[in-house]
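Values below: every heavy atom of this structure, side chains too, minus hydrogens, waters and symmetry copies. Quick note on labels: first sequence line is chain A, next is B, and so on, each numbered from 1.
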Protein chains: 4
Amino acid sequence: MMQRALDAADKAERRNAILAAARQLFLQDPHKLPSAAQIAEAAGLAKGTVYLYFRTKEEIFVGLLAADFRSLFETVAEIFHNPPAELPALLAHFLEHYLRYLDQHPEFLRLDAMAYSVLEQNLSDEQLRAFKLELTQLLVASGAAIDRALALPEGRGSTLLMRTYALTRGLWQSLDQPRCIAAMLDDPIFAPLRPDFRSELAAALREYWLGALSIAAQG
Amino acid sequence: MMQRALDAADKAERRNAILAAARQLFLQDPHKLPSAAQIAEAAGLAKGTVYLYFRTKEEIFVGLLAADFRSLFETVAEIFHNPPAELPALLAHFLEHYLRYLDQHPEFLRLDAMAYSVLEQNLSDEQLRAFKLELTQLLVASGAAIDRALALPEGRGSTLLMRTYALTRGLWQSLDQPRCIAAMLDDPIFAPLRPDFRSELAAALREYWLGALSIAAQG
Amino acid sequence: MMQRALDAADKAERRNAILAAARQLFLQDPHKLPSAAQIAEAAGLAKGTVYLYFRTKEEIFVGLLAADFRSLFETVAEIFHNPPAELPALLAHFLEHYLRYLDQHPEFLRLDAMAYSVLEQNLSDEQLRAFKLELTQLLVASGAAIDRALALPEGRGSTLLMRTYALTRGLWQSLDQPRCIAAMLDDPIFAPLRPDFRSELAAALREYWLGALSIAAQG
Amino acid sequence: MMQRALDAADKAERRNAILAAARQLFLQDPHKLPSAAQIAEAAGLAKGTVYLYFRTKEEIFVGLLAADFRSLFETVAEIFHNPPAELPALLAHFLEHYLRYLDQHPEFLRLDAMAYSVLEQNLSDEQLRAFKLELTQLLVASGAAIDRALALPEGRGSTLLMRTYALTRGLWQSLDQPRCIAAMLDDPIFAPLRPDFRSELAAALREYWLGALSIAAQG
DNA sequence: TATGAATGAGTTTTCATTCAT
DNA sequence: AATGAATGAAAACTCATTCAT
């Protein structure tokens with residue numbers, strides 16, 4: 001029997017172990033959530049134990065995604081804490097840290113791409129609302145940091161962020177190729193799918209921010 | 001017993017009946033694919049018959065999605081056939097027809113949002129490749145129309161299109177709220193999720209195209 | 001693969017095969033319902049096939065019990081079709097056939113003894129109501145046959161029957177001994193549990209009918 | 001942590017607290033035994049603690065049922081301690097106290113109705129035998145009180161009692177309606193299920209005792 | 001071609017019980 | 001004695017797909 005998690009710290013650790021196991025398994029096959037049994041085994045726990053920490057399998061998934069969103073928005077707020085004054089430098093600064101975040105959380109966009117089909121699956125309305133509410137609050141808080149940093153009208157920052165993330169997620173879903181395609185990408189007929197996600201995203205975001213800020217400047 | 005489809009026209013018609021049934025059922029609950037039995041029943045066919053026209057359930061899904069992409073790209077090519085000369089008018093023209101297309105194909109973005117989790121699920125490599133290849137070719141063709149219309153360097157149009165679609169899909173996934181959230185959207189804490197998709201998308205695309213074309217102008 | 005049940009008769013037969021398998025398994029361990037998997041295996045079918053014929057496991061159980069009640073009430077109606085005129089002969093006639101019925105349906109009282117804990121388990125209200133309603137109608141019909149045969153006031157027969165069955169079921173539950181008790185029944189301390197069910201039931205019913213009919217005679 | 005039960009009195013008290021919690025929970029949903037966790041919580045104890053006082057969950061159930069049988073037989077012995085001399089008065093006297101006992105122990109017949117499916121479930125042979133033996137001895141003792149009171153041949157009283165209880169339990173199981181039926185009982189098609197248990201039981205027992213004692217008188 | 005009966009792999013979740021603390 | 005974290009067996013049910021008719 002696994003050593004017991006007696007105090008709150010132990011329990012948080014165990015909860016995290018389950019999340020970590022789920023994340024790792026998910027990365028191995030990022031088009032479907034691992035089964036509860038697989039997660040338990042990977043975490044070195046019995047199946048029932050998983051259900052002491054999460055009420056349903058989907059709660060694990062949402063827990064994972066929420067944690068990623070939390071650290072993403074934290075990263076964003078940090079990015080805009082002491083930003084460069086000039087626009088090109090600012091953009092470069094943002095992209096550098098934003099892309100690094102995505103690199104360091106390879107499960108993030110993959111999980112996010114499954115959220116649409118999973119969120120309403122087996123979560124209580126209450127859980128779903130709590131998740132969406134947290135996301136909203138994180139968005140607003142990071143948006144406010146951007147407003148301050150760039151002296152934008154209130155609410156503009158969260159709009160920029162939402163559109164930035166929309167572009168990110170949308171490009172990911174176009175460019176993340178299933179294994180069998182990835183293998184053929186050298187074929188010239190697939191050229192338009194070829195650009196690697198990082199540079200494509202950087203280029204697209206540059207275009208978007210340029211347009212968005214020049215409109216702001218005009219307006 | 002349903003009348004037999006003997007010639008090619010009959011068969012295509014039956015195939016379309018299956019797709020239509022699947023589309024309609026999917027729209028009723030757009031977070032999961034309808035079951036094969038439901039589709040068969042809605043199409044007025046027996047379960048086994050569905051499998052004479054599609055090898056797997058996912059093939060139906062991909063068939064639906066491919067049809068939507070085909071007509072989307074067709075629409076895009078038409079949009080740029082005789083475009084207004086001035087940029088603001090061009091953008092307004094594009095947005096008008098693009099948004100109308102999305103309005104008229106309510107299943108499209110919903111299906112697309114599920115593609116990530118379904119595509120690798122139960123499709124042969126061959127089917128997957130065929131789908132992606134068709135998409136790529138459609139993108140290239142429509143992109144070329146844009147290149148011609150706007151006198152852009154070759155390939156620029158398809159890049160613009162891909163990013164446009166990325167923004168579209170990404171915003172959809174942020175703003176399409178599950179039922180239980182939709183009901184609470186009046187609550188001010190959910191304000192940032194409130195903007196309706198159409199106007200948000202129009203604003204975001206304006207910003208993006210403005211930036212993209214001004215860069216193009218510079219470069 | 002099992003031969004297919006194509007017409008209604010085949011299907012009824014298959015349904016009965018499932019019921020028969022369930023009955024047989026239940027008799028082997030009459031204190032719990034066999035699992036769906038066990039029933040399927042015993043019937044020579046796949047698990048899923050069972051669910052083509054019954055929506056839930058409990059529906060099998062109720063189907064079995066309803067069939068037994070149906071034939072019980074049929075038997076009762078026959079008993080009173082041409083009954084002896086004299087009371088002692090009538091009673092002897094009734095008991096002979098009633099006890100024979102119970103002998104020939106060893107699962108009946110055992111199933112019935114589990115009904116209380118199972119009926120509300122996993123049946124829709126609708127199914128439950130249908131079951132109870134059928135029972136009621138059977139009771140009324142058989143009761144009417146008794147009314148006619150014994151020239152009793154309307155409704156008296158069904159009351160007699162209900163009380164007769166109450167005595168039957170109640171005695172069964174007292175006298176049907178678990179295996180480990182049955183083995184020790186020779187021990188004189190268990191003497192009061194010893195009487196065999198058949199003779200005890202016969203004696204008890206004689207007493208009851210005597211009292212019931214003498215009251216009727218007075219009233 | 002709950003205060004420790006060190007002496008025998010404390011322990012008995014704790015044991016009773018568990019039984020009381022189980023009884024209360026069972027009454028809230030009398031078609032299945034409450035879970036061990038629920039019982040523990042309702043008793044204000046930890047799950048593990050329950051198992052210091054009862055080896056299995058079923059032992060709690062049997063403990064509850066045994067306590068009820070004990071007080072039932074006690075009540076019966078009291079009833080016949082100074083009974084009225086005349087039969088009608090005697091019967092009225094018996095019924096009054098017997099029915100009052102049932103009223104005051106609403107869990108009793110409900111528990112009893114589940115005994116058949118639970119008794120062999122998870123009890124050791126030894127526990128089962130102890131339970132049955134106690135029941136037998138209580139029956140014999142109360143039966144002897146009846147023999148004395150009514151000057152019946154030895155053993156006759158316990159037979160009367162057993163049959164009385166059989167009728168009681170059997171009628172209960174016919175007339176205690178699941179919620180969804182209870183709601184529809186006004187419908188005339190359910191008329192035969194309508195009589196309330198108390199009056200139906202009184203009438204049935206009057207008939208039975210009349211018959212039983214008149215046979216005794218003859219014999 | 002069309003049918004729909006049969007298949008059976010696959011997964012979540014519950015809960016009685018144990019035992020380390 | 002008391003706790004409650006951990007265990008893992010158990011079971012119902014779904015549904016994509018096949019194939020005999």
Q) Please give, in whole Å, the distance from E/dT17 C1' to A/Lys47 NZ? A) 17 Å

Q | Which atom of B/Ala36 lies closest to which atom of B/Tyr51, heavy atoms considered | A | CB-OH, 3.7 Å

Q: Measure from the side-chain heavy atoms of A/Leu45 and tell me the nearest of F/dT3, F/dT7, E/dT1.
A: F/dT7

Q.
What contact category does A/Phe54 fall into here, base, sugar-phosphate, or nothing, at under 4.0 angstrom with non-hydrogen atoms?
A. nothing

Q: Measure from CD on C/Glu59 to P on F/dA12 and round the result to the nearest Å.
A: 14 Å

(Q) Contact list please: residues 20-42 of chain B against DNA chain F, heavy atoms, distance less than 4.0 Å, in numerical order. (A) B/Ser35, B/Ala36

**Q.** Between P of F/dA16 and CG of B/Leu123, the distance in whole Å
**A.** 14 Å

**Q.** Check against side chain to side chain contact (heavy atoms under 4.5 Å, CB included), A/Gln121 and A/Phe61
**A.** CA-CA 11 Å; A/Gln121 200 73 21; A/Phe61 171 79; over 6 Å; no

**Q.** Flag side-chain contact, heavy atom, 4.5 Å: B/Ile60 against B/Leu33
**A.** no

Q: Considering just the side-chain nitrogens and oxygens of A/Tyr53, establish if one lies under 4.0 Å of OP1 or OP2 belonging to F/dA5.
A: no

Q: Kindly compute the distance separating CG (B/Leu65) from CZ (B/Phe131), expressed to the nearest 0.5 Å.
A: 4.0 Å

Q: Rounded off to whole Å, could you give me the CD1-to-P distance for the C/Ile18 and E/dA5 pair?
A: 13 Å

Q. Looking at CZ of B/Phe69 and CG of B/Leu111, how far apart are the two atoms once the value is rounded to the nearest 0.5 Å?
A. 9.5 Å

(Q) Can you work out whether C/Tyr51 or D/Lys11 has the more 5'-proximal nearest nucleotide on DNA chain F? (A) D/Lys11

Q.
Does any part of the side chain of C/Leu25, heavy atoms only, come nearer than 4.5 Å to the side chain of C/Gln28, both counted from C-beta?
A. yes

**Q.** 5' precedence on DNA chain E between C/Thr49 and A/Lys57 (nearest-nucleotide basis)
**A.** C/Thr49

**Q.** Interatomic distance where CD belongs to D/Glu58 and C1' belongs to E/dA16 [whole Å]
**A.** 8 Å

**Q.** Atom-to-atom span, CZ of A/Phe61 to P of E/dT11 - whole angstrom
**A.** 17 Å

Q. If you measure from CG on D/Asn16 to OH on D/Tyr53, what distance do you get to the nearest 0.5 Å?
A. 11.0 Å

Q) According to a 3.5 Å limit on both distances, what stems of 3 or more consecutive Watson-Crick or G-U pairs are formed with DNA chain E? A) E:2-21 with F:2-21

Q) How close or far is atom P of E/dA2 from atom CZ of B/Arg15, stated in whole angstroms? A) 14 Å

Q | Closest-nucleotide ordering on DNA chain E, the 5'-leading residue of A/Asn122 and C/Met2 | A | C/Met2

Q.
What verdict does the side chain to side chain contact (heavy atoms under 4.5 Å, CB included) test give for A/Gln24 and A/Leu27, after you've listed the backbone C-alpha separation in whole Å, the side-chain angles of each residue and the deciding distance to 0.1 Å?
A. CA-CA 5 Å; A/Gln24 177 210 332; A/Leu27 278 170; 5.9 Å; no

Q: Figure out the CD/P separation between A/Gln3 and E/dC19, and round it to whole Å.
A: 17 Å

Q | Whichever of D/Ala46 and B/Thr56 has its nearest DNA chain F nucleotide further upstream toward 5' | A | D/Ala46

Q: For A/Leu52, answer base if it contacts any base atom (sugar-phosphate contacts may also be present), sugar-phosphate if it contacts only those atoms, and nothing otherwise; contact means non-hydrogen atoms under 4.0 Å.
A: base

Q: Indicate, with a heavy-atom threshold strictly under 4.0 Å, whether C/Arg55 touches base, sugar-phosphate, or nothing.
A: nothing

(Q) Keeping A/His31 on the side-chain end and B/Val118 on the backbone end, is there a donor-acceptor pair under 3.5 Å? (A) no

Q: Would you give the length of the straight line joining atom CZ of A/Arg55 to atom CG of A/Leu123, rounded to the nearest 0.5 angstrom?
A: 9.5 Å

